[in-house]
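Encoded as structure tokens, the structure appears first; notes follow it.
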Amino acid sequence: AAMRANLDHFRAIPVTVWCGSKDTERDARLRISATLDTLQGPHRLARAASYVAALKAFGMRAEFHELPGVAHDAADCINRGEIADHLFAV
């Protein structure tokens, strides 16, 4: 049987996006093109904010949080950005 998408259920899923405030480097791992830069932003921080804005425009419960002083580094997100404290808070 085919599955049918239930957009109301999908929209009810809360989404939280975390991104380092210094995640602005345009390195080799970042997809770069004039179109992407125009539509999404020139770096990961801008693109994360654009993603959350698009989710909200779609009617989703989405939040965007910047981790101060953190770039594109998971260990820094945990150690300096204290993301684990936020993710595992009770």
Side-chain angles (χ1 to χ4, degrees):
M3 290 181 55
R4 296 188 64 123
N6 184 323
L7 293 180
D8 289 333
H9 285 140
F10 181 73
R11 287 185 182 115
I13 300 169
V15 175
T16 304
V17 174
W18 299 87
C19 189
S21 65
K22 292 185 176 182
D23 198 352
T24 57
E25 185 177 337
R26 292 173 60 86
D27 58 28
R29 297 172 294 167
L30 181 70
R31 291 181 59 206
I32 297 173
S33 74
T35 301
L36 285 174
D37 289 353
T38 299
L39 294 175
Q40 298 177 0
H43 46 70
R44 290 178 187 91
L45 180 60
R47 291 178 185 186
S50 293
Y51 177 65
V52 170
L55 291 174
K56 287 181 177 182
F58 186 63
M60 294 190 69
R61 296 183 306 155
E63 295 180 9
F64 176 69
H65 299 279
E66 282 187 40
L67 299 169
V70 177
H72 195 70
D73 184 301
D76 265 359
C77 288
I78 293 167
N79 297 322
R80 294 179 58 214
E82 301 174 354
I83 195 169
D85 294 342
H86 300 289
L87 292 175
F88 302 113
V90 178

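Heavy-atom basis, side chains included; hydrogens, waters and symmetry copies ignored.
Contacts classified as salt bridge (Lys or Arg N to Asp or Glu O under 4.0 Å) and involving residues 54-70 (residues at least two apart or in different chains) are not found. Residue pairs meeting the side-chain hydrogen bond (donor to acceptor under 3.5 Å, both in side chains) criterion with at least one member in residues 12-25, sequence neighbours excluded, are D23-H72. Every pair passing salt bridge (Lys or Arg N to Asp or Glu O under 4.0 Å) that includes a residue from residues 9-20 is listed here, sequence neighbours excluded: D8-R11. Judged as a salt bridge (Lys or Arg N to Asp or Glu O under 4.0 Å), the pairs with a partner in residues 33-42 (not counting sequence neighbours) are, in order, R26-D37, D37-R47.
Through direct or indirect side-chain contacts shorter than 4.5 Å among Ile, Leu, Val, Met, Phe, Trp and Tyr, L45 is connected to L7, F10, I13, V15, V17, Y51, V52, L55, F58, M60, F64.
Among residues two or more places apart in sequence or in another chain, the salt bridge (Lys or Arg N to Asp or Glu O under 4.0 Å) test is passed with R29 by D27.
Of the residues listed (N79, I83, D76, I78), the one engaging V70 in a side chain to side chain contact (heavy atoms under 4.5 Å, CB included) is D76, and it is the only one.
Considering all non-hydrogen atoms of both residues, A71 and C77 come closest at O-SG, 4.5 Å.
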